[in-house]
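What follows is one structure encoded as structure tokens, with my remarks underneath.
Worth knowing before you read on, the calculation uses all heavy atoms, side chains too, and leaves out hydrogens, waters and symmetry mates. Residue numbers run from 1 in the order of the sequence given. Bear in mind the structure is a predicted one, so any value in this text is a computation, not a measurement.
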Amino acid sequence: MPDGAGPHPVVVLLHGGYWRSKYGKSLMRAVSADLARRGFAAWNVEYRRMGRHGGGWPMTFDDVGAAIDLLPEIGRGRLRLDAVDVVGHSAGGQLAIWAATRRDGRVPVRRVVAQSAVCDMVWAGAAARELLGGGPDEVPERYVATNPMQLVPIGKPTLLVHGSDDETVPLERSRLYYEAARAAGDPVELIEPSPGHHRIHIDPRSRAWQVVAEWLAG
């Protein structure tokens with residue numbers, strides 16, 4: 001939480017790691033602290049991941065939705081529930097875009113930031129098949145419900161930030177999503193910081209993060 005009584009705008013943070021147990025919310029601690037210094041309440045969300053944490057379909061998605069819907073209870077008047085933005089990195093970027101499309105949630109998402117995001121679940125291959133319980137030919141309805149490329153238009157202002165040096169998730173994935181979202185009528189921006197390797201996006205000292213913080217403050 002930032003200093004002061006509030007109410008404060010909220011940023012929900014969703015970490016990456018290809019939805020697997022090896023990676024957790026500690027990835028987003030530094031940017032969480034940076035957001036609090038800037039006057040945002042940062043809600044750094046953990047979710048069940050694949051492996052020993054029991055994640056997959058639909059548990060991983062249930063957890064993200066439940067965390068967002070918990071904001072009215074934990075806020076107790078200190079949070080602006082009309083100003084909830086979601087920031088996701090890598091696989092968390094996919095979850096952030098998905099979260100913006102929820103129709104039955106208690107708390108609507110205002111804006112989305114997707115950093116080096118997995119914007120196409122089909123491209124994600126084995127990790128996506130493990131998460132969703134099959135490939136797009138086996139469980140097509142799950143891809144329709146979760147794949148960013150199939151969710152457009154999401155109807156929310158979206159910032160894509162994807163470094164030119166990313167060797168984990170190719171920049172082309174964000175470029176293709178940007179074109180699809182723009183063609184569908186979404187208000188979407190794409191920024192390509194350089195240098196911009198995969199992890200630089202969650203380093204609060206980097207220009208890749210600064211553009212996100214400035215956009216959120218705008």
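- The shortest distance between side-chain heavy atoms of V161 and H201 falls below 4.5 Å.
- For the atom pair D62 CG and T60 OG1, the distance stands at 8.5 Å (nearest 0.5 Å).
- Not one N or O on the side chain of K156 forms a donor-acceptor pair closer than 3.5 Å with the backbone of V112.
- A donor-acceptor pair is defined here as one N or O able to donate and one able to accept, closer than 3.5 Å; no such pair exists between the side chain of R38 and the backbone of A213.
- Separating the CG atom in D120 from the CG atom in N147 is a distance of 5.0 Å, to the nearest 0.5 Å.
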Cut-off 3.5 Å, no hydrogens considered: what does the side-chain donor-acceptor table look like for residues 4-13, sequence neighbours left out?
| unit_1 | atom_1 | unit_2 | atom_2 | d |
| --- | --- | --- | --- | --- |
| H8 | NE2 | G4 | O | 3.1 |
| H8 | NE2 | G6 | N | 3.4 |

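- Side-chain contact, E46 with H15: a donor N or O sits under 3.5 Å from an acceptor N or O.
- Contact annotation: the side chain of E73 approaches that of R106 to within less than 4.5 Å [non-hydrogen atoms, C-beta and beyond].
- Using a 4.5 Å heavy-atom cutoff, the side chains of Y177 and V152 are in contact.
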For this session: Determine, step by step, whether D165 and H197 satisfy the side-chain hydrogen bond (donor to acceptor under 3.5 Å, both in side chains) criterion, reporting the C-alpha distance in whole Å, the side-chain angles of both residues, the deciding distance to 0.1 Å, and the verdict.
Result: CA-CA 5 Å; D165 307 313; H197 58 78; over 6 Å; no
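- Within a 6.0 Å radius of CD in E141, more than 12 heavy atoms belonging to other residues, nucleotides or ligands are found.
- The structure places CG of L132 at 5.5 Å from CZ of F61, a figure rounded to the nearest 0.5 Å.
- Each of H89, Q115, Q94, H198 was scored for a side chain to side chain contact (heavy atoms under 4.5 Å, CB included) with V169, with one residue passing: H198.
- A salt bridge links E192 to R175: at least one charged side-chain nitrogen sits closer than 4.0 Å to a carboxylate oxygen.
- In this structure a side-chain-to-backbone donor-acceptor pair under 3.5 Å is present from R103 to T101.
- Tracing side-chain contacts under 4.5 Å through hydrophobic residues (I, L, V, M, F, W, Y), one never reaches V86 starting from L159; they form parts of separate clusters.
- Neither V113 nor V84 shares a network with the other; the hydrophobic side chains, linked directly or stepwise wherever heavy atoms of I, L, V, M, F, W or Y lie under 4.5 Å apart, form separate groups for each.
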For this session: Check step by step if side chain to side chain contact (heavy atoms under 4.5 Å, CB included) holds for M149 and V122.
Result: CA-CA 9 Å; M149 288 295 287; V122 176; over 6 Å; no
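- Between the side chains of D34 and W209, at least one donor-acceptor pair of N or O atoms lies under 3.5 Å.
- Both V87 and Y23 are members of a single hydrophobic cluster when ILVMFWY side chains are connected at heavy-atom separations under 4.5 Å.
- Minimum heavy-atom separation, N44 to M28: OD1-CB, 3.4 Å.
- In the displayed structure, D137 atom CG is contacted under 6.0 Å by more than 12 heavy atoms of other residues, nucleotides or ligands.
- A cation-pi geometry, defined here as NZ or CZ lying under 6.0 Å from the six-membered ring centre and within 45° of its normal, does not hold between R48 and W19.
- Proximity of a side-chain donor or acceptor of E138 to a complementary backbone N or O of G135 within less than 3.5 Å is detected.
- Put simply, the side chain of Y178 does not reach to within 4.5 Å of the side chain of T158, judged on heavy atoms.
- There is no path of hydrophobic side-chain contacts, each under 4.5 Å, that joins V144 to I154.
- Note that the CZ atom of R142 and the CD atom of Q150 stand 14.0 Å from one another [nearest 0.5 Å].
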Problem set entry | Intermediate values then yes/no, side chain to side chain contact (heavy atoms under 4.5 Å, CB included), Y18 and M50 | CA-CA 9 Å; Y18 275 112; M50 297 180 296; 5.8 Å; no
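- Between M121 and T146, the closest side-chain pair of non-hydrogen atoms falls below 4.5 Å.
- Tested against D166 for a side-chain hydrogen bond (donor to acceptor under 3.5 Å, both in side chains), the candidates S116, S174, S90 yield a single pass: S116.
- Applying side chain to side chain contact (heavy atoms under 4.5 Å, CB included) to W43 and the options L35, I74, L14 leaves one that passes, I74.
- In this structure, the side chain of S164 does not engage the main chain of G196 through any donor-acceptor pair within 3.5 Å.
- When hydrophobic clusters are built by joining Ile, Leu, Val, Met, Phe, Trp and Tyr residues whose side-chain heavy atoms come closer than 4.5 Å, directly or via intermediates, W57 is grouped together with Y47.
- In this structure, R205 CZ and I200 CD1 are separated by 9.0 Å, a value rounded to the nearest 0.5 Å.
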